[in-house]
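Notes follow the structure.
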2 protein chains.
Amino acid sequence: MATRTVVNLGELERAIMDVIWDATAPLAATDLREQLKASAPGGKEPAITTVMTVLSRLEAKGFVVRDRDARPHLYSATMTREDHVAELMHEVLGSASDRDAVLARFVGQVTPHEAERLRRLLDA
Amino acid sequence: MATRTVVNLGELERAIMDVIWDATAPLAATDLREQLKASAPGGKEPAITTVMTVLSRLEAKGFVVRDRDARPHLYSATMTREDHVAELMHEVLGSASDRDAVLARFVGQVTPHEAERLRRLLDA
DNA sequence: GATGTTTTCTACGTGCCGTAGAATTCTACG
DNA sequence: CGTAGAATTCTACGGCACGTAGAAAACATC
């Protein structure tokens, strides 16, 4: 019933996606767990089964794909973080009736540098 | 523990915010309930206490303020929907390390009309 | 085929949210 | 005032998403 928007990631799910996105190649669950420990401040370290459960859920949600032929299964993201975030932005933008008004507020809050960047992108 | 981002609204909470945002003046819970029924397709109609509970939660979350002096209490939004959505967009944008790359994807997906709109906004 | 590894299954605890009755407080009106 | 009706607060339950992970099953390897 809940209009399943894409904005549905928990804390650990997001942390795992971040590791996958930062990786240069598909990762095995164990490696991923290592990276997770490295990037986590408190050194918290979930059980390997926990990581796999979340990975399965992320796969079900379409965020990652896994190579089931490889022997530890290898996981990779279905889209880049940038594409994902851009998509989220559009999704959020779409939730307003007056898109133009939202854009006005939006550009009113970007940094000068980003404004310049946007100008260049738009002229390209 | 969960890094409470602003992106936390349930289905009913959002529906209620939409009614409040569409309203031209502060609303009483009963009126709000009416509007809710009107805008809902299935004619689903939550109990008045349900509406009030959610309203209280929205107040706690800082999304609405209520006039406690008025006799039915009157509720209104703390910010416009456009400001809210723009804020969300920035929040989402901030979740990426490479903001420029995100912006590139983002502008690559806006409609021509919106691109034009953005150009004008940036030059203002 | 026994052993270590990897994966799947199953399941619990917690917190958010929709839901709303019960109890309480408040306002008018007679 | 006293009381009825209206409004507000309190309390609470059920469902679902997530973090969590053990138990069990499937695999690979020697």
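All values derive from a computational prediction rather than experimental measurement. Below, chains carry the letters A, B, ... as their sequence lines are ordered, and counting in each starts from 1.
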- Message: Does anything in residues 46-57 of chain A form a side-chain hydrogen bond (donor to acceptor under 3.5 Å, both in side chains)? List the pairs, not counting sequence neighbours.
- Response: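 side-chain hydrogen bond (donor to acceptor under 3.5 Å, both in side chains) check on residues 46-57 of chain A returns A:Ser56-A:Arg66.
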Starting from [atom2] on [N], measure out to [atom1] on [X] and report it in whole angstrom.
X	N	atom1	atom2	value
A:Glu45	D:dT20	CD	P	12 Å
A:Leu12	C:dT14	CG	C1'	15 Å
A:Asp67	C:dT6	CG	C1'	14 Å
A:Arg14	D:dA17	CZ	P	18 Å
A:Glu11	D:dA17	CD	C1'	14 Å
A:Glu13	D:dA17	CD	P	11 Å

- Message: Checking A:His73 now: which residues fulfil ring-ring contact (aromatic ring centres under 6.0 Å, His included) with it, not counting sequence neighbours?
- Response: none
- Item | Any residue meeting ring-ring contact (aromatic ring centres under 6.0 Å, His included) with B:Tyr75, in chain and number order, not counting sequence neighbours |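 ring-ring contact (aromatic ring centres under 6.0 Å, His included) check on B:Tyr75 returns nothing, list empty.
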- Query: Checking side-chain contact (heavy atoms from CB on, under 4.5 Å) for the pair A:Leu55/A:Leu32: CA distance, chi angles, key distance, verdict?
  - Reply: CA-CA 10 Å; A:Leu55 242 10; A:Leu32 203 157; 4.0 Å; yes
- For DNA chain D, the residues among residues 46-60 of chain B that have a non-hydrogen atom under 4.0 Å from it: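 Hits under 4.0 Å, by residue number: B:Thr49, B:Met52, B:Arg57.
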- Name every residue in residues 19-29 of chain B that has at least one heavy atom under 4.0 Å from any atom of DNA chain C, in order of residue number, or write none if there are no such residues. none
- Task: Strictly below 4.0 Å, heavy-atom distances to any atom of DNA chain C: list the hits from residues 68-78 of chain A, or just say none.
- Result: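 Those residues are A:Arg68, A:Arg71, A:Pro72, A:His73.
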Result block: side-chain N/O donor-acceptor pairs under 3.5 angstrom for residues 92-99 of chain B, not counting sequence neighbours:
| residue | atom | partner | partner atom | Å |
| --- | --- | --- | --- | --- |
| B:Ser95 | OG | B:Val92 | O | 2.6 |
| B:Asp98 | OD1 | B:Asp100 | N | 3.4 |
| B:Asp98 | OD1 | B:Ala101 | N | 3.0 |
| B:Arg99 | NE | A:Glu114 | OE2 | 2.4 |
| B:Arg99 | NH2 | A:Glu114 | OE1 | 3.2 |
| B:Arg99 | NH2 | A:Glu114 | OE2 | 3.0 |

- Mind grabbing the angle between the end helix axes of the helix from C:dG1-D:dC30 to C:dG30-D:dC1? Five pairs an end, 10° rounding. 0°
- Indicate yes or no for a side-chain donor-acceptor contact from B:Arg33 to the backbone of B:Pro46 under 3.5 Å, with no hydrogens or angles considered. yes
- With sequence neighbours left out, the residues meeting salt bridge (charged side-chain N to carboxylate O under 4.0 Å, His left out) with A:Glu116 are A:Arg119, A:Arg120
- Query: Same cluster for B:Leu74 and B:Leu27 if Ile/Leu/Val/Met/Phe/Trp/Tyr side chains link at under 4.5 Å?
  - Reply: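 No, B:Leu74 does not connect to B:Leu27 through the hydrophobic network.
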- Task: Could you pull out the closest heavy-atom pair between A:Asp83 and A:Thr80, with the gap in Å?
- Result: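 Looking at all heavy atoms of both residues, the closest pair is N-OG1, 3.0 Å.
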- Message: Check this one for me: any side-chain N or O of A:Arg66 less than 4.0 Å away from OP1 or OP2 of C:dT6?
- Response: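 Indeed not, no polar side-chain atom of A:Arg66 lies that close.
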- Item | Any pair counted as ring pair (Phe, Tyr, Trp, His ring centres under 6.0 Å), so long as it reaches residues 99-124 of chain A, sequence neighbours left out | A:Phe106-B:His90
- Query: Under the side chain to side chain contact (heavy atoms under 4.5 Å, CB included) test, which residues partner B:Thr78, sequence neighbours left out?
  - Reply: B:Val65
- Can you check side-chain contact (heavy atoms from CB on, under 4.5 Å) on A:Leu9 and A:Phe63, steps first, answer last? CA-CA 10 Å; A:Leu9 287 186; A:Phe63 281 87; 4.0 Å; yes
Let me have the donor-acceptor pairs involving side chains of residues 12-19 of chain A, under 3.5 Å, with sequence neighbours excluded, atom names and distances please.
| residue | atom | partner | partner atom | Å |
| --- | --- | --- | --- | --- |
| A:Glu13 | OE1 | A:Gly10 | N | 2.6 |
| A:Glu13 | OE1 | A:Lys61 | NZ | 3.1 |
| A:Glu13 | OE2 | A:Lys61 | NZ | 2.9 |
| A:Asp18 | OD1 | A:Arg81 | NH1 | 2.9 |

